[in-house]
Amino acid sequence: MGVSVRETAIDFERRRALKAGAGLGLFGVLLAAGLIQPGMVNAATARAAFEAKTLDEALNALGVFSPANSPSIQLTAPEVAENGAVVPVTVESMLFRTEQICVLADKNPTTLIANLRFPEGTEGFLTTRVKMAQTSSVIVLVKADGKYYRASREVKVTAGGC
Amino acid sequence: MSAPTKIRATTKDGLTEVRVLMQHEMDNGRRKDEAGNLIPAWYITDVTARHNGRVVLEGEFGTSVSKNPYLVFRFRGGAVGDKVSISWQDNKGETRSDEVSII
């Protein structure tokens, strides 16, 4: 029941954690020393990314390095959001085998909003509602067939809702 | 006690669309109450959607998902009468799971 998918994800996390050991600091060291099980790192890095205060920090914590802009990601968000507490966002990825979608707002106190994984059989489509503190870009990261891509869109926020 | 998640799952031409409205405050820990005291962060951290027990969507939320989180997603397969469930856990450790039949 989804075990193989999870294990692949953990494997990837582990490789990435080892590769980005410096960025992960203690985690990388403990992982290399075998003191932390990959599953724990998986959960811990996932949570750590939500603490990130800037887009760069968030991308680093997610292990995403300079994702390419993709015209195959359709990001729908209002041009002007009168209520920053409820900003509707729809992501539609036409990329083959979309595995993961992350939603971020680069000027929110914490940048990462949601990080969702799409097992085989689930379409690369997502609608949700997010809070935005001020006018900024909404950024989506899409992982498709093992590679990360991005799309972004500016949303003017007239009343912040964070 | 948390309120039930509203779920609506409909299937058409082999594609099932699930609309989800979770009932949760999603406090980010920066807001203040009338007395000026900070309201502690209280938000859903983990979400899992299943179709007949198989995971069709899973992930994590931060504090910037709107109050009463709303999700729409689609998966292939799914027949009328199949079960779709949504489970969540929040940062206080509270959990909730709700299930509907696909219509």
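Lettering follows sequence order; numbering is per chain, from 1. FYI, side chains are in, hydrogens and waters are out, and symmetry mates aren't considered; it's all heavy atoms of this structure.
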Heavy-atom donor-acceptor pair, [X] side chain to [Y] backbone, under 3.5 Å:
X	Y	answer
Asp106(A)	Leu55(A)	no
Asn69(A)	Tyr149(A)	no
Asn52(B)	Lys83(B)	yes

For this session: List the steps, then state whether salt bridge (Lys or Arg N to Asp or Glu O under 4.0 Å) holds for Arg50(B) with Glu99(B).
Result: CA-CA 9 Å; Arg50(B) 290 184 177 84; Glu99(B) 185 179 82; over 6 Å; no
Seminar exercise, completed: Checking heavy-atom separations under 4.5 Å from chain A, one finds in residues 66-79 of chain B Ser66(B), Lys67(B), Tyr70(B), Leu71(B), Val72(B), Phe73(B), Arg74(B), Phe75(B), Arg76(B)
For this session: Only one of Asn28(B), Asp90(B), Asp27(B) passes side chain to side chain donor-acceptor pair (under 3.5 Å) with Trp42(B); say which it is.
Result: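 Testing Trp42(B) for a side chain to side chain donor-acceptor pair (under 3.5 Å) against Asn28(B), Asp90(B), Asp27(B) leaves exactly one candidate, Asp90(B).
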For this session: Please step through side chain to side chain donor-acceptor pair (under 3.5 Å) for the pair Tyr43(B) and Glu25(B), ending with a clear verdict.
Result: CA-CA 7 Å; Tyr43(B) 60 100; Glu25(B) 283 300 316; over 6 Å; no
Exercise. Which region of Leu21(B), side chain (C-beta onward) or backbone (N, CA, C, O), has a non-hydrogen atom less than 4.5 Å from a non-hydrogen atom of chain A, or is it both or neither?
Worked result: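 Just the side chain, heavy atoms under 4.5 Å.
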Problem set entry | Atom group of Thr45(B) that falls short of 4.5 Å from chain A, counting heavy atoms |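 The answer is both parts of Thr45(B).
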Problem set entry | Greatest number of heavy atom pairs closer than 4.5 Å to chain B - which of Thr128(A), Ile113(A), Ile101(A) |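 Of the options given, most contacts go to Ile113(A).
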Exercise. Between Glu92(A) and chain B, which part of the residue has a heavy atom less than 4.5 Å away: side chain, backbone, both or neither?
Worked result: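 The answer is the side chain of Glu92(A).
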Exercise. Is the CZ atom of Arg8(B) crowded by more than 12 outside heavy atoms at less than 6.0 Å?
Worked result: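 Counting neighbours around CZ of Arg8(B), 12 or fewer heavy atoms of other residues, nucleotides or ligands fall under 6.0 Å, so no.
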For this session: Indicate yes or no: does Glu154(A) engage Lys156(A) in a salt bridge with an N to O separation below 4.0 Å.
Result: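 So Glu154(A) does not pair with Lys156(A) through a salt bridge.
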